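Have a look at the structure below before the remarks.
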Amino acid sequence: MRTGNIGAFKLTSVAAAYYKGDEKGPQLQRIYGTAFKNKTALDEYFKMIEEAKRRDHRKIGAEMGLFAIDTEFVGPGMPLWLPKGTVLVEELEKLAKETEFAAGYVRVRTPHLAKEKMYQTSGHLPYYAESMFPPMRLIDSGSHHTMIESGDTIHAETFQDILKDHRQKLDASLEANPDGDINKVTADFFSKLTPEQAKHYQNIASLSFVADLEKAAIGNEERYYLKAMNCPHHHRIFAAEPHSYRDLPLRLAEYGTCYRYEQSGELFGLMRVRSLNMNDAHIYCTEEQFADEFRAVNDMYLKYFKIFGLEKYQMRFSTHAAEGLGKKYVNEPELWKKTEDMVRKVLIESGINYVEVANEAAFYGPKIDVQVWSAIGREFTIATNQVDFAVPAKFGLTYRDKDNSNKTPLCIHRAPLGTHERFIGFLIEHYAGNFPLWLAPDQVRVITLNDDEALINYAKPIVAELRANMVRVDSDFSATPFKAKISNAEQLRVHTMLVIGGRDMEAGAVSVRLHHGGPQGAKPKGEVIADILASIKERRA
RNA sequence: GCCAAUGUAGCUCAGUGGUAGAGCAACGGUUUCGUAAACCGUAGGUCGUCGGUUCAAUCCCGACCAUUGGCUCCA
C-alpha cells in the first residue's frame, strides 16, 4: 500500500514490544495507529471496536451474572461459574455428550492430579513444564508422609528453593569464572536473602550446610502435579485393560478440568484462564482408521458451527520445524513427516478450508487449531485437534493386531468446543448475550399485568407446566408497574416473556414478547408452550 | 514474565492534604398500571493492600496485589 492511499488515520495506543519478538531481547516502545483509505472506512472500523466493547464477555458476564473471578480468595484466572453461567456450561456439556454418544464415544472420568512419573513419561515435564503449576510435594519422613508447607518446623520447600537458587548462582559464577571463590559466592548469596528467607535459613543453618541441603533436596519425596491436559490419564485408562484391534477405534471422552500456569500478563477474562474445562476426547485408532476418524472429527466441528451460526472458519494446520526436534518437539523426524502427510491428505481430500503454519505444532504431534469469526467479525481460536504419534508409545500402549503382534495405536486429541471458558466467552460476544432459547439462562418469564388473583391463578399452571418440562421459567406476579416488569425482564435478557392480562385470560391465550423481537401478539397458551418446547429440543438458532 | 495505564458503594462514575458523594441495583412502604424504568424512605465504603512523608493521607511518595492495553505464550 502506498502512503498516498492513506486517507484517514488515527493513533490508538502505546505499548512495548520485544525486539524481533524475542522475549529475552530488548524492548521497544511502539505507537499503534491505524489507517484507512477514507474517513468512512476509518469510522466503520472504530464502530466495530465500539461494538466489540459493548459485547465484551466480561461486561455482559457481569450484567447477566454468568461468572465471577475472585482474585482474592480463589486466584486470578480461575473463574467461578455462577448459577446462570453454569446453565451455559451444562447446556454445552449436554450438546457434546449427545453428539459424542451418537458418534460412538464412551465417557470416562479421571482425577485432577497425577504423580511426577506420569508427566515424565508423557514428556510434559521436559517439554511443557513452564505451563504447569509447580508440584505438590509429599515428603517421606520415616513412618509417614508429610505435606510440605510453610511453618516453624517445616521448611523443606524453602530449603529447596534456597538450595536451587544457590546452586544456580554458584554454577553461573563458576562458569563465568572457573577459578572463582565458592565461599564468596555463598556469602554473596546470603547477603541477598530476604528477612523471611533468612529466618528460615537460620533454622537449618545449624545443620552442616552442603550435606544437609543435599539430603533435603534428594530426600524421599513424592511429587504430584495438577494436570494440564487429560491425555496422560486417558492413556492410563487405555493401559488399564488389554486391547485388541477389534476394540479400535476407542474414543474416550471427558469434560475434564485442567490447570495451566499461564503467565500473569496473559490472563484475560474467560478467554485465557488457569483452570479450564476441556471438551476433550482421545481417539485411539490404527493407521488405517486414521483418515476416517479424522474426517469424522472435522464433520463434528462443522455440525457445531451450524448450530451456533458460524459462517466463517479456518483450520490452522501447525507442523513442526526440524530445528526444534528434541527441544520443542519429540525427536522422531520420520514419524513427524509421516503423520503430517497423513493429516494434510485428509484436509485436502475433504475440502476443508485450512492454512499451514510451520513450527507451531504440539510437542507430541501436528496440531490443527480451529479459528472462527464471531457475528461482528472478530477472530477467535476456539478449538483444537491434535495428532499424537509419540506419547502412546512412551506409555507402552499396545493392541493385539490380527497377526497376533502388538502394535502401538495412534491417538487423536480433539476438543471441538475447546474449553468452556473460552467457548462461552466467544458465545457471549457472538450473541451479545442474547442467547438462543435453548442456551438462555433465563428462558421464560411469566408476567401478569398486575397482582390480580384471577390472573395469578391463570398464570400459575402455565409456569408449572413449563417447569415440569425442564424449562428454566420464573414469574413476576408482583404489583410493580407493568412496564417496569417488562423492563426488568428485558435487562436480564429473558428470552421469552409471556404476558398475561385480562384479555389473555378470557381468550385462553398468552401474549408473547421476545427479548430480541419485541411483542409478538397473543396466541393460544397450548400452542405457545408446545413451540417453546420444540425450539429448545431442536436447539433453534 | 516484560512495558505502560488504571484501582472510590453490587454496577456506572463524581470528589478533596482536615477521616467521602450521585444515579441505578438492594431493602421497607405507598402505587393496580397492556409491552424497556411510578413515588417516598432506609441501608450500604478500612477510597486495592502494606509501608513512608505530614499535626493530619482516599489524595503526595514507595513497594506489593489485581485488572486493562500490548509483547511473549496459548484452548
Side-chain angles (χ1 to χ4, degrees), chain A residues 12-32 53 56 58-59 62-63 65 68-72 75-77 128 130-131 228-229 258 260-280 316 318 328 360 362 367-372 380-386 413-426 447-453 455 477-494 497-504 511-515 517-522:
Chain A
T12 52
S13 65
V14 182
Y18 292 105
Y19 183 58
K20 290 187 177 172
D22 181 357
E23 178 180 21
K24 291 178 184 72
Q27 288 204 322
L28 311 169
Q29 278 306 312
R30 215 183 246 183
I31 297 171
Y32 285 80
K53 254 186 211 162
D56 190 308
R58 293 163 300 187
K59 188 171 179 285
E63 282 169 14
I69 298 180
D70 180 350
T71 58
E72 191 183 356
Y128 199 76
E130 65 184 28
S131 296
M229 294 180 170
C258 296
R260 298 185 183 174
Y261 190 74
E262 302 293 347
Q263 295 186 69
S264 58
E266 286 162 355
L267 301 175
F268 173 63
L270 286 180
M271 294 301 186
R272 198 67 184 279
V273 294
R274 287 180 174 163
S275 65
L276 39 127
N277 254 267
M278 286 211 282
N279 165 221
D280 214 358
R316 270 173 79 86
S318 302
K328 206 170 152 188
E360 290 192 11
K367 172 172 96 165
I368 290 168
D369 285 318
V370 182
Q371 293 172 292
V372 294
F380 292 83
T381 297
I382 219 67
T384 189
N385 193 2
Q386 303 167 3
H413 305 231
R414 40 105 286 171
L417 299 177
T419 65
H420 282 322
E421 288 74 15
R422 187 174 288 183
F423 199 81
I424 289 173
F426 161 76
I447 298 170
T448 50
L449 200 61
N450 54 46
D451 63 349
D452 182 68
E453 215 180 315
L455 283 184
F477 301 155
S478 67
T480 310
F482 173 64
K483 281 193 182 191
K485 298 209 276 190
I486 294 288
S487 176
N488 290 340
E490 285 286 355
Q491 278 170 55
L492 259 178
R493 294 176 162 89
V494 176
M497 287 148 272
L498 300 183
V499 174
I500 294 171
R503 294 205 296 264
D504 302 291
S511 294
V512 179
R513 179 187 169 102
L514 298 179
H515 168 57
Q520 307 290 306

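From a predicted model like this one, the values you see are computed outputs, not experimental measurements. As a basis for the values below, the full set of heavy atoms in this structure was taken, side chains included, without hydrogen atoms, waters or symmetry mates.
- Closest to the side chain of A:Q263, from the set B:rU72, B:rG69, B:rA75, is B:rU72.
- The base of B:rC74 does not come close enough to the side chain of A:R260 for any donor and acceptor atom to sit less than 3.5 Å apart.
- In this structure, A:D452 has no salt bridge (charged side-chain N to carboxylate O under 4.0 Å, His left out) partners at least two apart in sequence or on a different chain.
- In this structure, A:M271 atom CE and B:rU67 atom P are separated by 16 Å, rounded to whole Å.
- Residue whose closest nucleotide on RNA chain B sits further toward the 5' end, between A:Y261 and A:L449: A:Y261.
- In this structure A:R493 satisfies the salt bridge (charged side-chain N to carboxylate O under 4.0 Å, His left out) test together with A:E63, sequence neighbours excluded.
- The CD1 atom of A:I69 sits 20 Å away from the P atom of B:rG7 (whole-angstrom rounding).
- Between the OG atom in A:S318 and the CD atom in A:E360 there is a gap of 5.0 Å [rounded to 0.5 Å].
- When the C1' atom is used for both B:rU19 and B:rA57, the distance is 9 Å, rounded to whole Å.
- Rounded to an integer number of Å, the gap from CD1 of A:I424 to P of B:rA75 is 18 Å.
- Across all strands shown, A:T419 has heavy atoms under 4.0 Å from base atoms, whether or not it also approaches the sugar-phosphate.
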Wobble G-U and Watson-Crick pairs count when both distances are under 3.5 Å; given that, what is the 5' to 3' dot-bracket string of RNA chain B, with | for pairing to other strands?
(((((((..((((....[..)))).(((((.......))))).....(((((..]....))))))))))))....
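- To the nearest whole angstrom, the two P atoms, one in B:rU8 and one in B:rC50, are 16 Å apart.
- Applying the 3.5 Å distance criterion, the base of B:rU32 shares a donor-acceptor pair with the side chain of A:D451.
- When the C1' atom is compared between B:rG18 and B:rC47, the two are found 16 Å apart, to the nearest whole Å.
- Side-chain atoms of A:E266 lie closest to B:rU72 of the nucleotides B:rU68, B:rA66, B:rU72.
- A:R260 meets the salt bridge (charged side-chain N to carboxylate O under 4.0 Å, His left out) test with no other residue; sequence neighbours excluded.
- A:K53 comes within contact range of no nucleotide atom at all, as no heavy-atom separation falls under 4.0 Å.
- Not a single donor-acceptor contact under 3.5 angstrom links the side-chain atoms of A:T71 to the base of B:rA66.
- Comparing the C1' positions of B:rG10 and B:rA43 gives a spacing of 13 Å, expressed to the nearest Å.
- Summarising the geometry, the separation between CE on A:M229 and P on B:rC74 is reported as 10 Å, rounded to the nearest angstrom.
- Partners of A:F482 under the ring pair (Phe, Tyr, Trp, His ring centres under 6.0 Å) rule, at least two apart in sequence or in another chain, do not exist in this structure.
- For A:Y128, the ring pair (Phe, Tyr, Trp, His ring centres under 6.0 Å) criterion is met by A:H124, not counting sequence neighbours.
- For B:rA20 and B:rU58, the P atoms lie 10 Å apart once the distance is rounded to whole Å.
- Nucleotides B:rA14 and B:rC73 have their C1' atoms positioned 40 Å apart, rounded to a whole Å.
- Here the OG1 atom belonging to A:T384 is positioned 9.5 Å from the CG atom belonging to A:D280, to the nearest 0.5 angstrom.
- The nearest whole Å value for the distance from the CZ atom in A:F268 to the C1' atom in B:rG1 is 19 Å.
- Among the atoms of the strands shown, only primed sugar atoms or phosphate atoms (P, OP1, OP2) are found under 4.0 Å from some heavy atom of A:L267.
- Atom CD1 in A:I368 sits about 17 Å away from atom C1' in B:rC74, given to the nearest Å.
- Applying the salt bridge (charged side-chain N to carboxylate O under 4.0 Å, His left out) criterion to A:R414, with sequence neighbours excluded, gives A:E100.
- By the side chain to side chain contact (heavy atoms under 4.5 Å, CB included) test, A:S275 pairs with A:M78, A:P79, A:Y259, sequence neighbours left out.
- Spacing of P atoms, B:rG48 relative to B:rG7, comes out at 8 Å, to the nearest Å.
- The distance from the CE atom of A:M271 to the OG1 atom of A:T381 is 10.5 Å, given to the nearest 0.5 Å.
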Heavy atoms under 4.0 Å is the rule here; annotate nucleotides 35-45 of chain B 5' to 3' with B where the base is hit, S where only the sugar-phosphate is, and - elsewhere.
BBBB-------
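- The nearest whole Å value for the distance from the CD atom in A:E63 to the P atom in B:rC24 is 17 Å.
- Using a 4.0 Å heavy-atom cutoff across all strands shown, A:V273 reaches at least one base atom of the nucleic acid.
- The structure places CE of A:M229 at 8.0 Å from OG of A:S131, a figure rounded to the nearest 0.5 Å.
- Using a 4.0 Å heavy-atom cutoff across all strands shown, A:R274 reaches no nucleic acid atom at all.
- No donor-acceptor pair under 3.5 Å is formed between the side chain of A:R422 and the backbone N or O of A:I382.
- In this structure, A:A383 reaches the sugar-phosphate backbone alone: every heavy-atom distance under 4.0 Å involves primed, P, OP1 or OP2 atoms, never a base.
- The nearest heavy atom of RNA chain B to A:G418 and to A:S264 marks one nucleotide each, and the one closer to the 5' end goes with A:S264.
- Considering only side-chain atoms of A:R422, the nucleotide from B:rA75, B:rU68, B:rU32 that sits closest is B:rA75.
- Residue A:G269 is in sugar-phosphate contact alone, with no base atom involved, counting any heavy-atom pair closer than 4.0 Å across all strands shown.
- Nucleotides B:rG21 and B:rA9, compared at atom C1', are 10 Å apart to the nearest Å.
- Atom-to-atom, CG of A:L492 to P of B:rA26 comes out at 10 Å; the value is rounded to the nearest Å.
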